[in-house]
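What follows is a single structure, written as structure tokens, with notes after it.
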Amino acid sequence: MAINSILSVKDLTISFNTFEGEVNAVRGVTFDLKEGETLALVGESGSGKSVSTKAITQLLPQRHTTISKGEIWYHDHDLLKKSSKEMKKIRGKDIAMIFQDPMTSLNPTLTVGRQIAEPLIEHRGMTKQAAKVEAIALMRKVGIVAAEQRFHQYPHQFSGGMRQRVMIAIALACHPKILIADEPTTALDVTIQAQIIDLLKELQAEFATSTIFITHDLGVVANIADRVAVMYAGKIVEIGTVDEIFYNPKHPYTWGLLASMPTMKMDNDDLYTIPGSPPNLLNVPTGDPFSSRNMYALEIDFQEEPPMFKVSETHYAATWLLHPDAPSIEVPEEIKRRNEQFVSILAAKGADSDE
Amino acid sequence: MNKNPIMQIKNLKKTYNTGKANEVRAVDNISFDIYEGETFGLVGESGSGKSTTGKLLMKLESMTDGQVIFLGESIQNKRSRHDLLAFRKNIQMIFQDPYASLNPKMTVKDIIGGPLEVHRLVSSRKERDQVVYSLLEQVGLSQSFANRYPKEFSGGQCQRIGIARALALQPKFIIADEAISALDVSIQAQIVNLMRQLKQEANLTYLFIAHDLSMVKYISDRIAVMNRGKILELATSDDIYHVPLHPYTASLLSAIPEPDPESERNRQRTTYDESKFTYEQDDPAVGLFEITDKHFVYCHKDEVVGYKEKAERLKQEIMI
Amino acid sequence: MEEQLNFNPVPQKKIIEMEQLSQAQGISQNDDSYTKTIVKRFLKDKVATISLIIFTLLTLVAIFAPALAPYNPNQTVGFFEAAPTSEFLLGTDEVGRDVLSRLIYGARVSLTVGVLSVAIYAVIGTTLGLLSGFLGGFWDSAIMRLTEVFMAFPYFMVILVIVSLIGPNIWTVTFVIGVLGWPMLCRLVRGEVMKLKQADYVQAAISSGYHTFQIAFKHIFPNVLTLILVNMTFGIATSIITEASLSFLGVGVQPPTASWGNMMSNAQSLTVLANQYWRWLPAGLMVLISVLSVNFLGDGLRRAIDGEVK
Amino acid sequence: MASFKKITLLIMIMFGMVFFLVACGGGEGTETTGDNDGDPSGDITSDGEEEDTLYIGLTNAPGGFNPLNASDTVAQWILRMLYPTLLEQPESLVFDGNLAESFETEDNQSFTITLRPDAEWSDGEPITADDVAYTLELIANPDVETTWGVNISSLEGLQSTGKWEDGAAGVAGVEVVDEQTLILTTKTPVDPNYIKEMIGFNVYIVPKHIAEQYEPAELANSDFATTPSVSGSIYQFVQYETDAYVQLEANPTFYKGEAQLKHVYLRVVNGTSLVTELQSGGVDMAAGGGIGVVPVSEVDTLAADDNLDFESYPGFATQFMFINNEEFDADVRLAMMYAIDREAIVEQLFRGNAEVLNSTYTSASVYFDPNVEAIPHDVDRARELLEESGFDTSQEIELTVPTGNRAREQSASLIQQNLAEAGFNVTQVTFDFVTALANVREGDYQIGLIGIPLTSDPDQTYLWSQSGTTNLGRVNDERMEDLLEQGRTSTSMEERQEIYSELQEYWRDQAFSVGLYGDFQYKVQNKELNGGIKEFWGGSLHDMHEWTKD
Amino acid sequence: MGKYIVKRILITIPVLLMVTVFCFIIVNLAPGDPTDLYISENATEQQIAQMRSSLGIDQPFPIQYFKWLLNLVQGNLGFSFASRLPVIDVLPTKIIATVTLMASTLLVSYLLAIPLGIISARKQNGFVDNLITGVSFLGISIPNFFFGLALIYIFALQLGVLPTGGMETLGGSGGLVDRMQHLILPTIVLAAFYCSNMIRYVRASMIDIFAENYMRTATAKGLKETLILWGHGVRNAWVPIITVISTDIPKMLGGAIVTEQIFQWPGIGQWMISAINARDYPVLMAINLVAAVSVLVFNLLADLLYAAVDPRIRY
């Protein structure tokens with residue numbers, strides 16, 4: 001498996017100017033997106049996952065945003081250095097996006113068909129007629145029945161799930177190399193969410209699109225991601241393959257996230273919780289911003305931010321617990337259970353590869 | 001568990017735009033009881049009528065037809081200010097959006113203490129403030145929050161304030177309308193734990209309205225699954241999870257993503273073909289039928305046998 | 001280096017304390033009440049702040065007019081139509097009254113008309129808007145029909161007739177502008193109330209057992225207040241101009257009472273316009289300054305409320 | 001892209017609409033003006049066209065064109081261009097023949113009128129004595145709405161209202177001798193000047209053959225009264241654009257000869273615009289005489305304009321401070337007279353373009369007696385009188401001020417100050433003109449400023465007699481009644497002058513009201529215009545057919 | 001749709017009746033009898049009575065009103081007290097004059113305001129925005145009588161390039177250019193207000209629109225700036241723009257009184273002032289009717305247009 005990075009984000013640092021002061025929304029985010037993979041960015045609201053990805057296509061409001069550091073490499077170009085004119089040629093064509101709220105992300109005054117056809121005309125130089133034919137084909141592909149009729153309808157005549165399908169059709173219209181899906185299923189009902197995820201997976205395979213999938217729902221991540229990056233307070237705190245993150249998490253925050261979700265198998269005990277709320281990014285506390293919610297905090301957590309510790313070739317986590325000098329600690333029950341599962345999965349895989 | 005119904009819902013109906021082309025039966029003839037001390041889960045996707053049901057029970061909307069008996073009295077007869085106050089004292093609501101449910105122009109003290117004054121449960125400002133402080137403490141917030149405005153708090157903190165307001169009147173019954181769905185995962189757990197804890201402390205009854213089954217299953221004793229204004233299945237939460245009889249319930253369950261890559265990879269989704277379960281309107285042979293003990297399914301009289309067999313089969317599968 | 005690092009676990013109790021501390025800090029970072037936040041934001045807007053200062057000064061001038069004015073504004077004190085001198089800083093008018101004194105007293109009239117008329121229609125418009133939006137149904141359509149009736153009136157005609165009926169003076173002008181100005185605000189408030197009525201906190205207030213009027217005035221009103229305030233500031237500007245226009249048409253505030261409007265209407269004489277700048281320019285500038293400052297004030301207020309970064 | 005096209009189309013449609021509106025705006029008006037309407041090149045107005053067009057500025061709109069019913073001066077002035085009168089009056093109380101070649105009497109009771117034989121209506125019908133008699137009959141007809149009743153009330157067979165007795169159906173005092181001759185007979189002998197002014201100068205002769213097509217009762221609301229079709233004087237009516245302008249064109253059949261200026265536009269503009277239009281050449285002359293008034297504040301500017309002729313003359317327009325005689329006795333009234341500094345008003349406010357109104361006649365009137373000494377501004381005397389009268393000075397007196405005349409409004413401020421100096425407690429109350437007039441008329445006032453246009457005839461019964469229709473001061477004084485009666489019935493000018501001198505003196509001493517000032521008449525016109533306003537404004541039009549423009 | 005229109009019109013009728021009743025009362029409340037104006041100083045009682053009956057004001061108000069209403073239904077608006085001309089004959093010329101001025105004003109205003117508002121919103125808080133916003137505040141704040149006179153002084157008297165007032169050169173051969181020249185100054189004066197007002201609304205709604213998710217979608221699609229702006233942004237601003245237009249037009253139809261006064265524009269506004277001064281009730285009632293009908297009609301039109309520009313709105 002040739003693993004080439006198609007996109008690499010390096011030390012991205014973004015802040016917003018507000019009335020209260022400067023909000024440090026993204027504080028040195030680094031990750032690679034490999035060809036054909038789905039990378040999930042997971043984190044609570046305000047963790048900076050959405051902001052990081054908007055920076056890729058320069059979708060952040062310029063007036064209030066300062067990108068003080070960082071590089072975003074795509075095909076030997078630093079996207080941060082692109083002029084807005086150059087960026088236009090990349091947006092929608094090479095890098096497409098799907099957004100959270102399908103209700104407001106479509107223009108209410110334009111027909112759905114026109115909105116799908118637009119990128120075709122713009123980037124693929126199609127005539128109106130050709131674009132219409134292609135758009136209808138796309139609509140069929142994303143599972144919209146009676147596409148010819150629905151081509152002329154307006155977004156308000158579509159249900160939420162159908163709108164998100166339209167958004168997907170728009171995004172995939174030009175066969176983009178990279179798809180950024182920003183919480184595409186959060187606003188949908190579970191059954192619809194399942195359909196959309198299946199659709200995305202299917203199309204992603206067909207178009208060989210690399211995907212950044214932003215969500216706060218670990219269930220969705222488990223379903224769709226190849227690799228997972230967990231974000232907290234504007235930083236990636238843990239990154240690894242989906243199995244590593246779900247079965248062998250190293251960061252106490254990841255533990256908390258996993259343990260606080262009720263699983264179908266759970267009994268009626270109290271849920272595991274992470275106390276408190278995320279820190280205010282106006283004044284990022286010294287040390288690890290997570291330290292004050294961290295039941296496994298060490299003294300050093302309050303003094304210095306931990307660097308990324310390597311767990312495996314693919315797995316890194318930013319917690320002092322991985323420092324050789326750190327004391328060993330008792331992980332939560334749920335994580336223990338998961339670790340056990342990991343061992344068996346590894347064993348199974350090892351068996352697979354042996355054969 | 002105490003088996004006294006705190007609330008009895010009989011043939012509740014809510015129709016919008018009655019008689020017009022765009023008539024919507026938001027709540028279509030539903031009946032169920034909620035017992036004292038239990039947590040009753042009401043699950044459905046958007047547009048299923050679950051929130052409307054909650055509002056009808058709260059008298060935030062007027063019902064088109066049916067009857068709701070709360071603490072032995074029919075709620076639709078409560079019109080006078082006195083009756084209404086008495087009714088509202090015993091039933092409170094926790095809302096979905098923690099920010100939207102708190103008046104941005106009022107201090108936390110006024111938000112929580114207001115109902116106390118309305119119901120004349122306190123005789124002085126000072127007494128009110130004392131009650132507010134103790135309520136804040138009860139929901140895990142510091143007293144220093146009292147003089148602040150909601151927008152200064154995080155979503156989780158706001159939801160705690162909302163809970164404190166609901167608790168202020170010491171109600172017997174609380175309707176939580178998607179009370180956690182707008183919160184982050186780690187905060188959801190906090191709130192759920194808090195609600196469970198309070199329930200025990202204050203001997204509350206919950207109606208827990210939600211759009212997905214995962215958290216509801218975890219918190220509820222009994223669950224009703226709603227779709228298109230009708231209750232399709234009603235059973236204990238174990239039964240709903242293990243013996244989902246109605247295909248809609250099964251499809252809901254199969255759609256819940258689990259934070260477990262392995263099980264996700266092996267997941268089989270069931271789809272629900274609605275057309276097979278559409279009955280003629282107001283057919284008297286269609287309704288909620290008890291398939292097994294306290295396990296109800298909405299179906300045609302003739303289908304009952306089939307469901308019974310299905311229940312048997314599923315139960316046996318579990319045993320194995 | 002390694003030695004300095006302390007890898008001792010922190011006791012859980014301490015973490016909880018730290019968490020509470022950080023939460024408390026989280027709050028103390030924006031330690032302000034809502035009003036304070038708006039005020040702070042507003043003060044960051046230079047134009048708006050200057051406008052506020054100017055408007056405050058104007059108000060003070062209006063209040064302390066008797067102390068500030070060098071002469072009796074209604075007395076002939078000098079030659080007629082004399083150009084500014086050290087004795088009469090802004091010259092005299094057509095009957096020899098001191099223009100500066102009239103300007104100072106004019107602030108009273110213009111601001112009274114501006115503020116009071118808007119206050120009148122704000123009260124009517126807000127009350128009816130709140131009721132219409134909150135009660136809905138019959139009352140809503142009745143009030144909406146009434147706004148249509150009032151909006152369908154030719155504004156000036158009614159003003160002119162009523163003014164000629166009661167006699168034009170500052171109170172009539174104020175009253176008429178006030179009584180006729182409310183429908184737009186009423187609709188605005190109604191629309192907002194209809195939106196807010198669905199808000200969860202209103203539903204919560206109903207659930208808590210608040211009385212309908214308490215909900216309308218205690219829960220909803222504070223949330224439309226800022227909107228009303230912004231609208232009112234623009235309304236004040238419009239009222240000042242309306243008074244000036246009425247004076248121009250001869251039905252505004254009547255002589256000998258000075259208002260900026262009737263002083264400015266001197267400019268309808270070309271001789272005055274061309275040769276006697278002191279008879280219209282100061283008044284014109286005052287109208288312009290006050291209206292601009294009120295407008296910018298409203299705009300700044302709106303921005304501060306919306307949290308729009310300047 | 002489609003939306004671009006739509007927007008472009010929309011904009012084009014909107015432009016098209018504006019052009020259409022501009023092109024056809026006031027369409028009715030231009031039908032008769034010229035045929036090259038809408039021709040884009042037609043904007044170049046040749047000099048020739050403008051040279052024979054006269055633009056007159058009016059500050060009031062005419063209230064219709066009913067020759068029988070014209071209360072407003074504007075209408076009267078315009079009607080003079082459209083309908084013949086028997087006599088001209090080039091100077092005050094100097095009468096010349098117009099339609100009448102002669103107007104003679106020997107006994108001051110029977111007046112023989114001989115008409116010009118060549119006079120024709122614009123439709124070619126001759127103007128005869130029948131037309132004159134019919135006109136007088138219409139005025140006397142109780143069914144006809146008319147303002148001229150009082151003018152003819154001295155004729156034999158008519159009531160004091162000028163209407164014939166019930167069942168009479170005719171005017172006994174009018175006798176048509178032949179086509180060119182008729183004899184008017186009055187009830188009692190009168191001053192010939194009285195009848196000459198009242199009937200000879202003021203009454204417009206209407207074409208019988210047109211007027212008789214209408215029911216007398218409906219004349220006032222008919223097109224006869226709104227859009228006259230037949231003219232007998234200098235011009236004929238073309239159209240009236242309500243409140244904007246009146247368009248006239250020369251009457252080719254006019255008996256004194258067709259007018260040199262073929263077109264006349266009487267534009268209705270406000271005072272300020274009148275000034276700008278005069279300066280920019282948009283109007284050639286102000287109509288003057290209270291109907292084309294330039295604001296007094298602009299007088300200096302106009303006088304200084306090289307392109308304009310500016311002159312000012314004493315006129316008949318006056319301003320009084322009426323005093324409600326029922327509330328204030330003679331001493332108090334006189335105190336007010338002493339208190340008000342009328343010289344200051346005239347000198348400072350009007351910069352000398354007015355005269356102090358010492359009596360109830362202006363210096364333009366031949367009955368004005370310059371020997372009646374004016375009451376000076378004397379605050380001490382005023383105080384004295386006030387004290388003597390025992391008037392309660394704490395009593396608040398309302399000064400009613402009508403709007404619409406800036407000079408008057410400004411004078412009110414001065415008057416208020418003057419009165420205050422003398423010890424009166426006066427507040428101004430301002431009303432629009434109609435309201436103020438209505439209040440004053442009903443006696444619902446204390447003191448109030450009202451302008452009165454006087455006539456060249458000295459009879460002022462309507463103003464100062466208890467029976468007067470405009471007795472605004474509520475004067476009820478036997479001596480005054482007596483003097484008015486004497487003046488009215490006297491038949492010689494010399495005799496009348498004497499009576500009226502006495503009246504002026506008595507009026508001053510009693511201070512029935514305070515005469516404030518007499519506005520001067522302004523003649524403001526383009527230097528290119530030959531002709532225009534005369535010193536006696538009312539007679540300005542007698543040579544209008546000879547006016548030209550360079 | 002058709003049903004909706006009919007329903008709206010039916011609702012309109014009682015509103016209109018109420019407006020006319022109110023107006024009738026107000027007009028008749030005004031002190032001073034019209035006859036005071038139309039009689040000479042020496043008129044007799046009998047003449048006054050005769051005139052009162054001729055004008056139809058000798059009857060009680062309710063009867064006068066019902067007569068007026070009855071006439072109205074037959075398309076008769078009575079005759080002007082002042083000129084005795086049938087109001088219905090004069091009305092069209094006045095409306096045409098006002099509409100001409102209105103059309104040119106609104107055309108100029110909107111053609112300027114919409115792009116300026118958009119630019120302003122696009123460059124929000126930049127120099128250009130501050131300039132446009134500042135000037136538009138000035139435009140709203142400057143009293144039009146003052147602005148008008150200043151323009152007359154400069155352009156008509158000092159420079160002599162434009163006429164001082166009126167709608168056309170009387171007695172000249174008229175023509176389009178002449179009329180256009182007469183239109184320029186009053187249009188500028190009125191447009192100063194209407195343009196500034198519109199700029200503010202367009203700016204505000206465009207700022208909101210720029211913050212909308214679908215604008216982000218359009219950007220993310222990589223569309224051209226102009227297409228994003230016009231094809232996606234401005235489309236959604238039509239509703240507030242139509243709202244402003246639908247209140248502007250009746251406001252102007254009700255008479256741009258001061259401006260018409262200053263520029264001698266022979267439109268509704270000027271007519272109204274003279275009618276008020278002349279207590280010309282029938283004219284006032286007619287003007288009131290026109291104004292009221294225009295308010296209601298443009299309300300309705302706006303509602304119908306909303307549906308045209310926003311597919312979500314259906315009746």
Side-chain angles (χ1 to χ4, degrees), chain C residues 47 141 144-158 160-162 164-167 184 234 237-238 240-251 260-261 264-265 267-270 273-274 280 283-284 287-296 299 302-303 306 308-310, chain E residues 11-12 14-16 18-19 21-23 26-27 29-32 124-125 130 133-134 137-138 140-146 149-150 152-153 157-158 193 200 204 207 247 250-251 253-255 257-258 261-262 268-269 272-273 275-277 279 284 287-296 299:
Chain C
V47 179
S141 32
M144 281 305 100
R145 294 290 86 75
L146 196 65
T147 61
E148 272 173 28
V149 170
F150 270 78
M151 279 163 88
F153 268 150
Y155 192 63
F156 262 98
M157 184 179 110
V158 180
L160 289 170
V161 171
I162 293 184
S164 60
L165 190 70
I166 315 178
M184 286 307 265
F234 294 133
T238 316
I240 292 175
I241 293 182
T242 306
E243 189 273 318
S245 300
L246 287 174
S247 285
F248 172 82
L249 293 173
V251 290
W260 293 339
M264 215 178 152
S265 64
Q268 68 185 293
S269 152
L270 277 168
L273 185 75
W280 56 267
V287 170
L288 206 61
I289 288 172
S290 59
V291 170
L292 271 178
S293 73
V294 174
N295 264 329
F296 277 120
D299 201 45
R302 185 186 57 71
R303 255 205 290 261
D306 293 357
E308 193 184 298
V309 184
K310 174 112 184 175
Chain E
I11 292 175
T12 303
V15 173
L16 255 181
M18 249 166 98
V19 173
V21 170
F22 272 18
C23 189
I26 283 180
V27 164
L29 272 179
Q124 199 191 343
N125 297 328
N130 286 339
T133 315
F137 268 129
L138 204 64
I140 294 168
S141 304
I142 194 164
N144 49 8
F145 62 86
F146 176 70
L149 282 165
I152 290 177
Y153 183 69
L157 296 186
Q158 294 300 312
F193 175 82
R200 278 172 36 167
I207 285 173
T247 51
K251 220 191 282 177
L253 266 181
I257 296 173
V258 173
Q261 280 283 308
I262 292 168
I268 301 265
M272 181 158 113
I273 292 289
I276 289 172
N277 289 333
R279 296 288 191 274
L284 286 177
I287 294 174
N288 174 60
L289 193 69
V290 168
V293 167
S294 72
V295 168
L296 298 169
N299 260 351

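Every chain is numbered from 1 and lettered A, B, ... according to where its sequence line falls, protein lines coming before strand lines. It should be emphasised that the depicted structure is a prediction, and the values quoted were computed from it without experimental measurement.
- In this structure, chain C has a heavy atom under 4.5 Å from the side chain of Leu296(E), while its backbone stays farther away.
- For Ile240(C), no part lies under 4.5 angstrom from a heavy atom of chain E.
- For a residue to count as touching a neighbouring chain, one of its non-hydrogen atoms must lie under 4.5 Å from one of that chain's; by this rule Ile273(E) touches chain C with the side chain only.
- Residues Val149(C) and Phe22(E) meet the side-chain proximity criterion, which asks for heavy atoms closer than 4.5 Å.
- When side chains are defined from C-beta on, Leu16(E) counts as touching Leu289(E), because their heavy atoms get closer than 4.5 Å.
- Residues Arg145(C) and Ile11(E) meet the side-chain proximity criterion, which asks for heavy atoms closer than 4.5 Å.
- At a 4.5 Å heavy-atom cutoff, Ile152(E) makes no contact with chain C through either its backbone or its side chain.
- Contacts between Ile241(C) and chain E at a heavy-atom distance below 4.5 Å involve the side chain alone, from C-beta outward.
- Heavy atoms of Ala237(C) lying under 4.5 Å from chain E are absent altogether.
- Looking at Phe137(E) and Thr133(E), their side chains come closer than 4.5 Å, going by heavy atoms from C-beta outward.
- Taking chain E as the reference chain and counting heavy-atom pairs below 4.5 Å, the highest number among Gly284(C), Ser290(C), Ser245(C) is found for Ser245(C).
- Looking at Asn288(E) and Met272(E), their side chains never come closer than 4.5 Å, going by heavy atoms from C-beta outward.
- Summarising the geometry of Asn144(E) relative to Val258(E), their closest heavy-atom pair is OD1-CG1, 3.6 Å, with the distance given to 0.1 Å.
- If you measure heavy-atom distances from Asn277(E) to chain C, you find no contacts under 4.5 Å at all.
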